[in-house]
Amino acid sequence: MTIGVGNGTVRRAGIIGASGYTGAELLRLLAGHPDLELVLATGDSMAGRRVADLYPSLAAAYPDLVFAEFDVDAARDLDVVFLGLPHEASMELAPRLVGEVGCVVDLSAAFRLKDGSQYSTYYGFEHSQPDLLARAVFGLPELHRDELVGASLIATPGCHVTAATLALRPLVDADLIESAGIVVNNVTGITGAGRNPTETNVFTNIDSNVVAYGVGHHRHTPEMEQEIGAQVTFVPHLVPMSRGILATCYARPTADCSPERLMGALREFCTDEPFATVIDAPPATKSVLGSNAAHLNARLDERTGTVIAMCAIDNLTKGASGGAVQAANVALGLDETAGLTTIGLAP
């Protein structure tokens, strides 16, 4: 892999929908990015309010920045625009921006699924932009780096999808696991539910509680199957932590599978990857907190004939905003690691 390098020109960036958690994470990452300058941050529900008042952690970086109301003219001619909007809002806005800005990076699911018919089943709406859907590049550089170069529209993966795909795709490609009957069992932090208060994320329902959700019909299921290249049963669980995802995936081994070959396939996949790392111990979410790192491990339970593949990521960083910045770096020809770290906030 060749990591791009900047040409000394600072690119102008905007965030549309900057007041939510993924928007705040984008603000944090762009504050430390050497090649991207934030010039626009919209948040209609928070328009007129200072960023520092909503997120005091960003006060030093943005002491005077105020959330603006959305104006498409203000976004035109920017080098990159990140969309932190609901799915349908992104789907309707993208045609107004693609071709008007250098690169649109969408953090919703609006352009992730190549089979547009699946949107009515999993998201409850008909996809109205088939041409852009076909044009969009899936924003996981570990799989789609070459396609991302020069991309005008990037579909940032779902957080669960990133973790499960990094754990399983190398094993599918190496023909070490069967491509049917895979179970993906994820635990995730509460920030994945968003900033707006709901029954899901109020303290009394989260504290000292673990609950499965989306059982049998979670929206990330078809996206996982698309990127992993296998049939998947996906069950996520909400746990009482702010950030992080731990994917624990179960599959049947092929005849060629062995513990050494499992770890070897992961290590080969991660060769020259700046953010994916194979570790010897089971991954832990605290080890990747606040970073764009993905920690991988795989085991073979020979007693039961089960492969156990694991991946830990920060759901807001590698699973959302960090992954979006990484993909944007590739698209713009910048150093892929610019503005991002592999070092988690531990202990």
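Predicted model only: the values in this text are computed from it and were never measured.
- Under a 3.5 Å cut-off, the side chain of Ser258 and the backbone N or O of Arg261 do form a donor-acceptor pair.
- In this structure the side chain of Ser45 reaches within 4.5 angstrom of the side chain of Ser19, judged on heavy atoms.
- Counting only residues at least two apart or on different chains, the ring-ring contact (aromatic ring centres under 6.0 Å, His included) pairs with a member in residues 225-255 are His160-Phe234, His218-Phe234.
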*Verdict with reasoning, Met46 to Leu54, per side-chain contact (heavy atoms from CB on, under 4.5 Å)*: CA-CA 9 Å; Met46 294 292 167; Leu54 185 60; 4.0 Å; yes
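- Scanning all heavy atoms of the two residues, the minimum distance from Asp175 to Thr254 falls at O-OG1, 2.7 Å.
- A distance-only check finds no donor-acceptor pair linking the side chain of Asp79 to the backbone of Arg11 [under 3.5 Å].
- The backbone N or O of Gly139 sits nowhere less than 3.5 Å from a side-chain atom of Thr156 that would complete a donor-acceptor pair.
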*Check step by step if side-chain contact (heavy atoms from CB on, under 4.5 Å) holds for Ser291 and Thr342.*
CA-CA 5 Å; Ser291 80; Thr342 59; 5.7 Å; no
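- Taken from CG in Leu300 to OG1 in Thr304, the straight-line distance is 8.0 Å, to the nearest 0.5 Å.
- Of all heavy-atom pairs spanning Leu176 and Asp256, the tightest one is CD2-O, 3.8 Å.
- The structure places CG of Asp314 at 9.0 Å from OG1 of Thr285, a figure rounded to the nearest 0.5 Å.
- The backbone N or O of Gly305 sits less than 3.5 Å from a side-chain atom of Arg252, completing a donor-acceptor pair.
- With salt bridges taken as basic N to acidic carboxylate O contacts below 4.0 Å, none links Asp280 and Arg299.
- Remark: the backbone N or O of Arg112 is paired with a side-chain donor or acceptor of Gln226 at under 3.5 angstrom.
- Judged by distance alone, the side chain of Thr165 and the main-chain N or O of Thr162 form no donor-acceptor pair under 3.5 Å.
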*asked:* Using side-chain contact (heavy atoms from CB on, under 4.5 Å), reason through Val80 and Val101 one step at a time and then give a plain yes or no.
replied: CA-CA 6 Å; Val80 60; Val101 303; over 6 Å; no
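- The environment of CD1 in Ile343 is sparse: at most 12 heavy-atom neighbours from other residues, nucleotides or ligands sit within 6.0 Å.
- Here Leu65 contributes atom CG and Asp53 contributes atom CG; the two are 11.0 Å apart, rounded to the nearest 0.5 Å.
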*How far apart are the C-alpha atoms of Glu336 and Arg145, what are their side-chain angles, what is the distance that settles it, and do they pass the salt bridge (charged side-chain N to carboxylate O under 4.0 Å, His left out) test?*
CA-CA 10 Å; Glu336 186 173 331; Arg145 186 170 284 110; 2.9 Å; yes
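- At least one donor-acceptor pair under 3.5 Å links the side chain of Lys114 to the backbone N or O of Leu133.
- Cluster membership for Phe67 and Leu26, using ILVMFWY side-chain heavy atoms within less than 4.5 angstrom, is shared.
- Between the side chain of Asn185 and the backbone N or O of Thr248, no donor-acceptor pair lies under 3.5 Å.
- Considering CG of Leu166 and CD1 of Ile313, their distance stands at 7.5 Å, rounded to 0.5 Å.
- Glu147 and His144 share a donor-acceptor pair across their side chains, judged by distance under 3.5 Å alone.
- Ser120 places no side-chain N or O within donor-acceptor distance of the main-chain N or O of Phe125, the cut-off being under 3.5 Å.
- Heavy-atom minimum distance, Glu302 versus Pro259: OE2-CG, 4.3 Å.
- Separation of atoms CZ (Phe82) and CG (Leu27) is listed at 10.5 Å; rounding is to 0.5 Å.
- Under the 4.5 Å side-chain criterion, counting only non-hydrogen atoms from C-beta, Ile154 is not in contact with Phe111.
- Cluster membership for Val210 and Leu246, using ILVMFWY side-chain heavy atoms within less than 4.5 angstrom, is shared.
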*Could you walk me through whether Asp131 and Arg135 pass salt bridge (charged side-chain N to carboxylate O under 4.0 Å, His left out), step by step?*
CA-CA 6 Å; Asp131 291 342; Arg135 181 175 173 181; over 6 Å; no
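- Both Leu316 and Leu36 sit in one connected hydrophobic cluster of ILVMFWY residues. Membership requires side-chain heavy atoms under 4.5 Å apart, directly or through other members.
- Looking only at atom types and distance, the side chain of Asn186 has no donor-acceptor partner in the side chain of Thr188 under 3.5 Å away.
- Side-chain atoms of Glu25 and Thr317 form a donor-acceptor pair, as typed in the model, at a separation below 3.5 Å.
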_Show, in sequence, the C-alpha distance, side-chain angles and deciding distance for Ile177 and Val172, and conclude whether the side-chain contact (heavy atoms from CB on, under 4.5 Å) test is met._
CA-CA 6 Å; Ile177 59 175; Val172 171; 3.8 Å; yes
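- Hydrophobic cluster membership differs between Leu140 and Val137, with clusters built from Ile, Leu, Val, Met, Phe, Trp and Tyr side chains linked at under 4.5 angstrom.
- Of all the heavy atoms in Thr42 and Ile16, the pair that sits closest is OG1-CA, 3.2 Å.
- A salt bridge is defined here as a Lys NZ or Arg NE, NH1 or NH2 lying under 4.0 Å from an Asp or Glu carboxylate O, and Arg12 with Glu37 fails to meet this definition.
- Asp35 places no side-chain N or O within donor-acceptor distance of the main-chain N or O of Val10, the cut-off being under 3.5 Å.
- Criterion: ILVMFWY side-chain heavy atoms under 4.5 Å apart, direct or through other members. Under it, Leu238 and Val235 are not part of a common hydrophobic cluster.
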Can you list, pair by pair, the side-chain donor-acceptor contacts under 3.5 Å of residues 102-110, counting residues two or more places apart and other chains?
unit_1, atom_1, unit_2, atom_2, d
Asp106, OD1, Ser90, OG, 2.9
Asp106, OD1, Ser108, N, 3.1
Asp106, OD1, Ser108, OG, 3.1
Asp106, OD2, Ser108, OG, 2.9
Ser108, OG, Ala110, N, 3.0

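- Residues Gly290 and Thr341 share a closest heavy-atom pair of O-CG2, 4.0 Å.
- For the residue pair Ser128 and Glu92, the shortest heavy atom distance occurs at OG-OE2, 3.1 Å.
- Electrostatic pairing of Arg267 and Glu273 does not count as a salt bridge here, judged by no charged N lying under 4.0 Å from a carboxylate O.
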*Steps toward side chain to side chain donor-acceptor pair (under 3.5 Å) verdict (Thr191, Asn315)*: CA-CA 8 Å; Thr191 49; Asn315 62 298; 3.0 Å; yes
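- Contact check for Val98 versus Leu132: side-chain heavy atoms found under the 4.5 Å cut-off.
- Side-chain rings of Tyr119 and His87 stay apart, their centers remaining 6.0 Å or farther from each other.
- Atoms CZ and OG1, on Arg219 and Thr121 in that order, are 12.0 Å from each other to the nearest 0.5 Å.
- Around atom CG of Asp146, no more than 12 heavy atoms belonging to other residues, nucleotides or ligands sit under 6.0 Å away.
- Side-chain polar atoms of Gln231 and Glu225 form no donor-acceptor pair below 3.5 angstrom.
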